[in-house]
There are 2 protein chains.
Amino acid sequence: MPVRLVDVARRAGVSPSTVSYVLSGNRPISAETRRRVEESIAELGFRPHAGARSIRRQSTNVVAMVLPMFADGQSSVQMQFVFAVLHAARAQGYNLLLLTAEDGVAEINNVVNSAMVDGVIVMEIQVNDPRVPVLRALDRPAVLIGTPDDAESLVHVDFDFAAAGAMCVQHLHDLGHRHIGMLAQPADTFARQAGFALRARDGVLQELTDRGLNPTWIPAQPNPAGVAEAIEELFGQDPELSALIVYNELALPFVLDRLRQLGRRVPGDMSVVAICPDDQAQHLLPAVSDVALPAAELGRLAFERLVGLISGTDQPVSTLLEPHLNRRGSAGPPLRR
Amino acid sequence: MPVRLVDVARRAGVSPSTVSYVLSGNRPISAETRRRVEESIAELGFRPHAGARSIRRQSTNVVAMVLPMFADGQSSVQMQFVFAVLHAARAQGYNLLLLTAEDGVAEINNVVNSAMVDGVIVMEIQVNDPRVPVLRALDRPAVLIGTPDDAESLVHVDFDFAAAGAMCVQHLHDLGHRHIGMLAQPADTFARQAGFALRARDGVLQELTDRGLNPTWIPAQPNPAGVAEAIEELFGQDPELSALIVYNELALPFVLDRLRQLGRRVPGDMSVVAICPDDQAQHLLPAVSDVALPAAELGRLAFERLVGLISGTDQPVSTLLEPHLNRRGSAGPPLRR
DNA sequence: TTGAAAGCGTTACCAC
DNA sequence: GTGGTAACGCTTTCAA
């Protein structure tokens, strides 16, 4: 019932190898023969058997992507990575296989050792990520989205979260703010030592300290109660707070909302700068100044690196995307008091 | 370098077929032989080559999931489907291959005809979905999450959105409301004839009409400006509006926010009931009464059906999950005037 | 209870 | 420019 390569060959009156070469382009084929073969393929609706093919080729044209442990579809940033990789992959004829980090390290080995995938992309890297040694020992290439402490020789792409944090501080400081606080990722994100959360916070705190300002910060749950609590806590730490750096895209709308409830106008009474995907800041009211988190770009880049490695070309071990500030209406000079 | 089945056999001092039978369990094996083989497998770290295996077996233990055309990671509901299917699949030793609807119908045929997957799950079904005839002609099973107009004989699972809409109306009407409006999915969701959007709206409007109330509704973009505009429009349609049905999970926080800005208190001046995943309603302030959208349950169910079909057991063609109302603080009787 | 050997569908080497 | 055919790694019939 399923149509095989030999069926195509028979119908076209050529040998199986000729059909194979028409398919792969690994050998010159006369125009006439090619035409007959392609016609035969089309008429029979032939698709090469991927499994059979993968025995002889050394590849499957499938790559695996390892999702974060706690992925639940809530974090749109995580999903932007997935979609960016997915689109890049599909555009190049690759398929994407999804793995969850819960499966643990064993599953990465499994799909690779069973020759199901040509490579692996791993996201949401922890500073001391247990998957790193596994990836390094793999006999297939891997690319990390994120930077572990011991990345040496493991190809990874990342956003410069420390510089992004510092840039937020600089912007607000330049505007005249001297009391700047940071509302950061949820506590459990810090608990699992996610690199992006730690580096962004440290970038902010370091820059605050360097400029002689108080390192005021707090993690926040991305819901109204969590945000209200966090903001109250920040004011407790520094009652003169006049500017907020928000690196918590899900909480951002609730932050604006809460400030409004508290009667603090943005940017008059409180300046706000966010680190988040641009489209999540620009459609709020007021539109929020942000250091754009290039999730789609990182995902695309990660796949590009992986394909490069698969095809055997050397890739830069480390790529750090530089932050860029989008000025909007949410940050201005502090009110004279 | 990669370890093969024959390597395992040699090391265990048995024939390849014996190793195969140990793996598949298709033949009785003496305890002693089994022990030696398993030891050999473990020591060599052997994993059967998935491709080679799939030639002889008729299956790959991979299923494909076709994502919505416009998936961008923003809609958490879509992602909950994906994660539900992913977790169910991984729990049963299946891998999940992601396809985007943009690839078009051809790509579904491709992965199936190339024997890459054992079955397909398709989500975000349109009422007149062009993929339906393709899925029906496939020689592998397919399961839809959603209901097309011509579903006959195609296994599908869905939430009863019409009943959910009606239930919202009923709840508000029972509380005493006579001026009820619906803030619905974005216009482009209607434009692409997404079944869930149409059915929920029609369920609401039908029930409103049946109860002699005005069928007031409006689509809304899920951002502050879109929501503000939609609410203004609803008040334009019915200045006495005292209750809102929101089926637009991304817009829901902005709705509460906007009502607050307008000085309308919830539920005093305006009752709100949502159709959305429960966790997106319960953590708002005030916590929002909802008809819970069982995305995770639907995803899990879809995979269950698909595995059933793959293993050759008949499955119910249609499964419609009944709505259930969670009463919270956002809906109450209308203020006496 | 086990082994030998014939496939499975595709690729690529070796001939011509 | 094209064809024959031996692999690839595994499963399963057939035989013992």
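Worth knowing before you read on, the calculation uses all heavy atoms, side chains too, and leaves out hydrogens, waters and symmetry mates. Within every chain, numbering begins at 1; the chains are lettered A, B, ... in the order of the sequence lines, protein sequences first and strands thereafter.
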Is there, by distance only and without an angle test, a donor paired with an acceptor across the side chain of Arg56(B) and the base of dG7(C) below 3.5 Å? yes

Residues of residues 18-43 of chain B with any non-hydrogen atom less than 4.0 angstrom from an atom of DNA chain C: list those, numerically ordered, please. Thr18(B), Arg27(B), Pro28(B), Ile29(B), Ser30(B), Thr33(B)

Roughly how far, to the nearest 0.5 Å, is the CZ atom of Phe81(A) from the CD1 atom of Ile145(A)? 5.5 Å

Check against side chain to side chain contact (heavy atoms under 4.5 Å, CB included), Val122(A) and Asp129(A): CA-CA 11 Å; Val122(A) 182; Asp129(A) 202 298; 5.6 Å; no

Could you point out which residue of Val111(A), Val117(A), Ile121(A) forms a side chain to side chain contact (heavy atoms under 4.5 Å, CB included) with Leu99(A)? Val111(A)

When the distance from CZ of Arg53(B) to C1' of dG9(D) is rounded to whole Å, what number comes out? 11 Å

How close or far is atom P of dC10(D) from atom CG of Asn113(A), stated in whole angstroms? 12 Å

Describe, as an angle rounded to 10 degrees, how the axis at the first end of the helix from dT1(C)-dA16(D) to dC16(C)-dG1(D) is tilted relative to the axis at the last end, five pairs per end. 40°

Rounded to whole angstroms, how far apart are CZ on Phe46(A) and C1' on dG9(C)? 8 Å

Using whole Å, what does the distance between atom P of nucleotide dC8(D) and atom NE2 of His49(B) come to? 12 Å

Starting at atom CZ of Arg10(B), determine the distance to atom P of dC10(D), rounded to an integer number of angstrom. 12 Å

Calculate the interatomic distance between Leu5(A) atom CG and dG4(D) atom P; express it in whole Å. 13 Å

Arg4(B) CZ to dT11(D) C1', straight-line distance once rounded to whole Å: 16 Å

Kindly indicate whether the side chain of Thr18(B), heavy atoms from C-beta on, has any atom under 4.5 Å from the side chain of Ser15(B). yes

Would you call the rings of Phe303(A) and Tyr94(A) parallel, tilted or perpendicular if under 30° counts as parallel and over 60° as perpendicular? perpendicular

To the nearest angstrom, how far is Ile55(B) atom CD1 from dA7(D) atom P? 16 Å

Salt bridge (charged side-chain N to carboxylate O under 4.0 Å, His left out) between Glu39(A) and Arg11(A): does it pass, once the steps are laid out? CA-CA 10 Å; Glu39(A) 191 176 296; Arg11(A) 190 180 209 292; 5.5 Å; no

CZ (Arg34(A)) with more than 12 external heavy atoms under 6.0 Å: yes

Between Asp158(B) (side chain only) and Thr147(B) (backbone N and O only), is there a donor and an acceptor less than 3.5 Å apart? yes

Heavy-atom side-chain proximity of Asn128(A) to Gln193(A) below 4.5 angstrom: no

